[in-house]
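Note sheet for the following structure.
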Amino acid sequence: MEKIAIVKLGADTIKLSLVDVAPNGYYNLFDEVVESVKLGASIEQAGLIKPNVVNEALNILKLFRKLCDANCVYKIYAVAESFIKIAKNQKSFLDEIYNNTGFSFYIYSSEEEVKVVYRGITSLIDISKAIGIYVAPNQTHILQFNRRTIVNMQTIEYGYLNLAEKYADVLDPAEKSEKMVKEIEFLIKSNEFINNIEPETTFVGAGSVFESLGKLGRKVSKYPLDLENNYVVTADAFDSVYDIVKSLDLDKTKKLKGISEDRADALASGLAIVKAIKEQCKIPALNICAGAFDEGVTLNALPVDTLERAVPTDMLSMSLEAIRTFYDRELSNTGNVYNLAIMLFKQLKVIHKLSRVYVKPLRIAASMYNCGTRIGFNNFAAKSFEIIINSNIKGVSQKDILVAAFACKCQNLDNFSLADCMKYSAILSEEDIDAIRKLGVLIQLACAMDKSRMGNITDITCDILGDSIIMKTIVKADASFDIIQAQKVAGDFKKVFKKILQVI
């Protein structure tokens, strides 16, 4: 297992990320430290990084160096966002850092920054064709991509920091927001690419402004699931958040729950930029891509020989394999259970009558069927719910994750609670709730069919005879124990599918 450290100089924060990289190319964040340092604001106000801010940053980076040494991490990837290039004293600042810490920072150009964000978006959200919007400190990038290729891009020379600084003297918050929106609308209204976006295009927002928007959107709409990545903000929800923020002064904005004070002063300007783009492009909804920049930086930091293996086009497979690599015990049988669950789903299609949209939740739940054992064995299925919800699974919708968490929990049907499901009625439909019980029993059956943990059952065929199902197993060795265990699921199978199950 190789360890790498990623040190990032951002406009509002300095961040240290410590990452394990497995020989198979999968990676896992095992520690992170984020400290507030307003480098961007210092540069905007003075044109250089002020001495007190230099000292503050230097002290933090010295501590980061000690943390790297304490964790025996010697491969360090240090990067700075492009905003730092406008500081007149950036060279002396970075030289002083190097002399005191050994960190040699690479400064991204704005073009490289866009590619990093794009890489992060396409590794976190399973989408091949979309418009991405990234609001940076000093620029805003609008990029169109199709099949993992950027085909168009527009850069606006205002980000959340320099736009806020331009209108710092306007005291009335509502007037300030209105002026900022008009400024951005003027800059983009004549752009051919922006004004010819196809209907039904998916829009993805990345960066701290969109993450704050997502937090406020979930609060305003009383969204029941506290997940950031791939949260969808409708046009109406955006307008509700924008109307609240645009009328608040800085002190009141800082009191908004879930919004860091470090970003509060730039929230109104960032949302004004998004508001102008939303109106010009007639955006019906925005998918929030949380942590896109950090994800892209991490991918860039991976060793070259592992990078290709670490980033397949199927992001869900990557997430599940990474989880198995870092959390499964030795001699794990999750691969066997996963394969059997997929076989059962295919073989019993005429019985469960579930559409293909439930394949992804099944893949998640089957691959993590015993994740609850990390907490304790007794009723581990119930403990799996929170683990799946909080596992940062990529390439799927939030509904997919929620259905998977409930399905895994319902391996034990006694764990099923309609009241618990109804807490998420804003996300789950009646069809989803029906699917949860069915998927839970399929996973329970798959688990029972590999109770020996030896992979003896390699395939199955099903004969449906009226109210009965005869499930014939194809084996590579004596599977009598697994078959006995599978037959014990017949009671729950009948409760859910209304069929008598016989496993032979």
Side-chain angles (χ1 to χ4, degrees), residues 316-317 319-349 351-352 354 358-385 387-388 391 404-405 407-415 436-463 469-497 499 501-504:
L316 175 56
S317 292
S319 282
L320 298 179
E321 286 298 322
I323 290 168
R324 287 169 59 176
T325 295
F326 288 98
Y327 294 105
D328 271 10
R329 296 176 180 177
E330 191 176 1
L331 305 178
S332 167
N333 74 328
T334 52
N336 299 337
V337 173
Y338 176 92
N339 291 333
L340 287 166
I342 298 300
M343 289 179 200
L344 289 168
F345 187 88
K346 292 177 180 177
Q347 288 284 333
L348 297 174
K349 186 174 181 179
I351 301 299
H352 61 64
L354 298 176
Y358 294 106
V359 172
K360 285 185 176 181
L362 176 65
R363 289 175 62 192
I364 297 168
S367 188
M368 300 182 70
Y369 86 95
N370 64 347
C371 64
T373 59
R374 299 174 205 163
I375 300 173
F377 182 79
N378 292 333
N379 198 5
F380 63 82
K383 300 178 179 73
S384 67
F385 181 88
I387 294 176
I388 290 176
S391 286
C408 198
K409 183 177 180 179
C410 287
Q411 292 174 76
N412 181 345
L413 278 185
D414 290 342
N415 292 332
I436 284 166
R437 297 174 74 241
K438 291 177 178 178
L439 295 177
V441 171
L442 292 182
I443 297 164
Q444 181 190 3
L445 183 55
C447 180
M449 293 176 79
D450 194 53
K451 192 66 175 178
S452 67
R453 308 174 74 86
M454 298 176 68
N456 289 328
I457 297 175
T458 59
D459 206 349
I460 54 175
T461 59
C462 296
D463 293 332
I469 294 177
I470 300 174
M471 193 170 289
K472 300 176 183 177
T473 59
I474 299 170
V475 303
K476 67 177 183 181
D478 180 14
S480 55
F481 175 70
D482 302 296
I483 291 171
I484 290 170
Q485 298 303 311
Q487 190 59 50
K488 291 181 180 180
V489 183
D492 284 347
F493 190 92
K494 188 175 181 180
K495 286 180 185 177
V496 173
F497 295 105
K499 299 286 183 182
L501 174 67
Q502 183 179 357
V503 184
I504 59 176

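Values in this document were obtained by computation on a predicted structure and should not be read as measured data.
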Distance, nearest 0.5 Å, that separates [atom1] of [X] from [atom2] of [Y]:
X	Y	atom1	atom2	answer
K472	Q502	NZ	CD	10.5 Å
Y369	L362	OH	CG	14.5 Å
D450	Q485	CG	CD	11.5 Å
Y327	M368	OH	CE	9.0 Å
Q487	I484	CD	CD1	10.0 Å
I483	D478	CD1	CG	8.0 Å

Q: Tell me, yes or no, whether the heavy-atom count around K499 atom NZ, taken from other residues, nucleotides or ligands under 6.0 Å, exceeds 12.
A: yes
**Q.** Check: I504 main-chain N/O paired with T473 side-chain donor or acceptor under 3.5 Å
**A.** yes
**Q.** Heavy-atom pair of closest approach, residues I457 and A479
**A.** CG1-CB, 3.9 Å
Q: Work out which heavy atom in G376 is nearest to a heavy atom in K383; give both atom names and the distance.
A: O-CD, 3.6 Å
(Q) Is there a side chain to side chain contact (heavy atoms under 4.5 Å, CB included) between E321 and R324? Walk through the geometry before answering. (A) CA-CA 5 Å; E321 286 298 322; R324 287 169 59 176; 3.3 Å; yes
If you define the side chain from C-beta out and look only at heavy atoms, does anything of [X] sit under 4.5 Å from [Y]?
X	Y	value
Q444	C410	no
K438	L442	no
N415	F385	no
V475	D482	no
N336	R453	no
L348	M471	yes
L354	F345	yes
V496	D492	no

Q: Apply side chain to side chain contact (heavy atoms under 4.5 Å, CB included) to L501 and L445, showing your working.
A: CA-CA 11 Å; L501 174 67; L445 183 55; 4.2 Å; yes
Q: With side chain to side chain contact (heavy atoms under 4.5 Å, CB included) as the test, would you mind laying out the steps for I323 and S367 before giving the verdict?
A: CA-CA 9 Å; I323 290 168; S367 188; over 6 Å; no
**Q.** salt bridge (charged side-chain N to carboxylate O under 4.0 Å, His left out) partners for D459, two or more places apart
**A.** none
Q) For K360, which residues count as a side-chain hydrogen bond (donor to acceptor under 3.5 Å, both in side chains) partner, sequence neighbours excluded? A) D126
Q.
If you take the centroid of each ring, where Trp contributes its six-membered ring, are F497 and H352 closer together than 6.0 Å?
A. no
